[in-house]
There are 4 protein chains.
Amino acid sequence: MTKQPTQQRARAKVRRILDTAKQLFLEGNYFEVTTNQIAREAGVSIGTLYTYFADKEAILAALLEEYDESFNDVFAHVDTQESFNLFRNDKKEWLGRLIDQLVNSEDRQFHLQIEMLARAVPAARQVQERHSERIKDLVHQCCLYYTNGGDVKNLKTLSTIIFDFTTALVDELLYTDHTSQERDRIRQSGIDSLTLIIERNIDQ
Amino acid sequence: MTKQPTQQRARAKVRRILDTAKQLFLEGNYFEVTTNQIAREAGVSIGTLYTYFADKEAILAALLEEYDESFNDVFAHVDTQESFNLFRNDKKEWLGRLIDQLVNSEDRQFHLQIEMLARAVPAARQVQERHSERIKDLVHQCCLYYTNGGDVKNLKTLSTIIFDFTTALVDELLYTDHTSQERDRIRQSGIDSLTLIIERNIDQ
Amino acid sequence: MTKQPTQQRARAKVRRILDTAKQLFLEGNYFEVTTNQIAREAGVSIGTLYTYFADKEAILAALLEEYDESFNDVFAHVDTQESFNLFRNDKKEWLGRLIDQLVNSEDRQFHLQIEMLARAVPAARQVQERHSERIKDLVHQCCLYYTNGGDVKNLKTLSTIIFDFTTALVDELLYTDHTSQERDRIRQSGIDSLTLIIERNIDQ
Amino acid sequence: MTKQPTQQRARAKVRRILDTAKQLFLEGNYFEVTTNQIAREAGVSIGTLYTYFADKEAILAALLEEYDESFNDVFAHVDTQESFNLFRNDKKEWLGRLIDQLVNSEDRQFHLQIEMLARAVPAARQVQERHSERIKDLVHQCCLYYTNGGDVKNLKTLSTIIFDFTTALVDELLYTDHTSQERDRIRQSGIDSLTLIIERNIDQ
DNA sequence: AATGAATGAGACTTCATTCAT
DNA sequence: TATGAATGAAGTCTCATTCAT
């Protein structure tokens, strides 16, 4: 875990190390980036890096923690009573907001890297699983709230499907090259499809 | 004359190296697996490993090639005129077969590892992109065949959506723990949802 | 401020590595000397060796460069107007000085090793050729200056002969065991012979 | 030492191995040529190579032995009573023949490689020293015969000088690029110079 | 004899981490 | 605290040599 440096310069250094590390991890990949490289590009000595981070994995852990916090912040906007009501009244708007939150979440750029590390680094897997669980649960809660407690078994299946399809849509929007027109069309078509699925499975 | 058995032994050795390597890559991760480890667990000397593979990346390349071939074999069963007709007449059956092919494809277990390597290893990225393209194209062709050449722009968007959702469903079935009952329910619900999307976008 | 002593230690370490390497190359031979051996005998870790030199060949390159500089320093004393005049007035003295410079050139002990490497290592060949060219050219310039521009074609042949015989004499003095009496006699006889050749070819 | 294979095919194989090895040693360098490479290019299996040669150095040893024999054959033509007489009557012709013998000696192309190996491989050094000794001795004998036992001390010095200058001339003719015109001029000028030296030191 | 697949010691090199200043 | 030279375990790969066929 990161020490709590009280001095501003220290904080700035930690910041620089983390930013540089994330940048390099994104450009290349965790295993091929060296600690000396991080220190050099962050403009600190390798010794300094190691006074703030116990080892290479601690840097990754700090980054994961930040990613986790950032996700939670973003998610808090969606996981509210107001959101439940919106789901009930305007599913398309609700889906649009959820997707935009996930897409725009600054740190979500880090998502792929975490997926890649999930297998090799336990901490990464934990974060990944926690987030999946949260989104899945949100979908589940919304449906539950909407139906006033309908058939739970079907709901579990439905929320899994909705979760999978939603994140697939988010990944398509994030990681594939599209013109902004195409992107809009895909986003809209995806939302329509998801709405269709939800309505067909819950209504009546 | 003595050559056949020799070649067979050589082939068996290469097989063992590749199997071991894949196994280790799956358990751990390409970057943390060492060539000596592969050789040791494959029961060959490090020298032998290097008489069959130029370097560590060549092992990965061979594995990727096999994965590619395996994918092509599996895919050939789906990419036929008969398949186009099935799509027209019974979308649920068609989707079920596609999903089962992808799920059962022996080598598809290697899929996640390739996604992880896609960023770091060009060969992995190529394989990944080629396969995505093929599936996406299949969906596109089927829809095109079905509509006798309807609005192509919408088709492009639709096939992207169908592709994304289908692979998301396959990944859910492959990589998440479920009881076989849950699995069946998710599979069926996914197929129903995909059918719904297709019909709503093409019919009328 | 703390930098100077650090740099000095670094310099000393590089010096020790180079000295050890040269020593080992002279005792044995470049191809059979290992980087770990150099590091061990220089009293540094293998890691340290590689922070100062990119690879084994870089050590050789540094040694070649030093040899080159040392040669140039030595040669500057001979390649002067004063030297041209001496050549005109007292060829024996001139030849004696040239030979002594080449023999005493501290680094010339490295000469044979470079000849050996010339075939295998381009950098070694370049150094060797550059030095030959310089000596050959000096002889040529001296003769030219002496004759005020006589028959150039003959001069070219003559300076080649003088160069070859002079370096052969230097090698004999350097690499063959002799009593100092023998050495003096050979040196003197060689100088006399060279003088004889020059005078017979230029005078009258 | 090479086994004495009685069968022709075996002999031919040894021949091919030796020829290939020499070729490769000349192109590259002993230390960078591998035994597998020799076997491959000689068209024999590595196993066969090792049935005829105990190890890599044994190949070199055989080559050195051949070089030695070849030198002795060539030299026998020069080291005769007739030669002594020629030396007395026509030094230029005598020198010309000696130089041509050394230059044309097919195996002399191997000379540089041996010089390079002399430091690292004792057998190479021995051959080199033996040959030097023989040439030096020939010059000495000729002078001795010519003077009917003049001042021996001076003769030793003289023969050293003549030997050094002669081999320097041979090396120049062998290893430097020249037009055949230049080559002839250098050869002639070298012979003239050597003659001059001999006559000045012995006659009167 | 001949083969060439197999061996493994050991070469070169990297990089996470330490520690004296 | 900050530094960065120094460390050396460990990784990738080569190649002289062996041995079962």
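Letters go in sequence order (proteins before strands), and every chain restarts at 1. Values below: all heavy atoms of this structure, side chains included; hydrogens, waters and symmetry mates excluded.
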Exercise. For DNA chain F, produce a single dot-bracket line, 5' to 3'. Pairs: Watson-Crick or G-U wobble, both distances under 3.5 Å. Symbols: ( ) within strand, [ ] crossing, | other strand, . unpaired.
Key: .||||||||||||||||||||
Quiz item: Who are the ring pair (Phe, Tyr, Trp, His ring centres under 6.0 Å) partners of C:Phe31, not counting sequence neighbours?
Solution: D:Phe31
Quiz item: Quick one: side chain to side chain donor-acceptor pair (under 3.5 Å) partners of C:Asn29, sequence neighbours excluded?
Solution: none
Quiz item: Residues two or more places apart in sequence or in another chain: which of them pass side-chain contact (heavy atoms from CB on, under 4.5 Å) with C:Ala123?
Solution: C:Leu64, C:Val121
Practice problem: Can you sort out the partners of B:Asp19 under salt bridge (charged side-chain N to carboxylate O under 4.0 Å, His left out), two or more places apart, ordered by chain and number? | Solution: B:Arg15
Quiz item: Taking only residues two or more places apart in sequence, or in another chain, which ones meet B:Lys13 in a side-chain contact (heavy atoms from CB on, under 4.5 Å)?
Solution: B:Arg16, B:Val44, B:Thr48, B:Tyr52
Self-check item: Exam field: side chain D:Glu32 to backbone C:Ala120, donor-acceptor pair closer than 3.5 Å
Solution: no
Quiz item: Is any side-chain N or O of A:Tyr52 closer than 4.0 Å to OP1 or OP2 of F:dA2?
Solution: yes
Quiz item: Within less than 4.0 Å of OP1 or OP2 of F:dA6, is there a side-chain N or O belonging to C:Lys13?
Solution: yes
Quiz item: In whole angstroms, how far is the C1' atom of F:dA6 from the OH atom of A:Tyr50?
Solution: 14 Å
Quiz item: By a strict heavy-atom criterion of less than 4.0 Å, which residues belonging to residues 28-42 of chain D are in contact with DNA chain E?
Solution: none
Practice problem: Under the side-chain contact (heavy atoms from CB on, under 4.5 Å) rule, collect the residues that match up with B:Gln23, sequence neighbours excluded. | Solution: B:Glu27
Self-check item: C:Asp73: partners by side-chain contact (heavy atoms from CB on, under 4.5 Å), with sequence neighbours left out
Solution: none
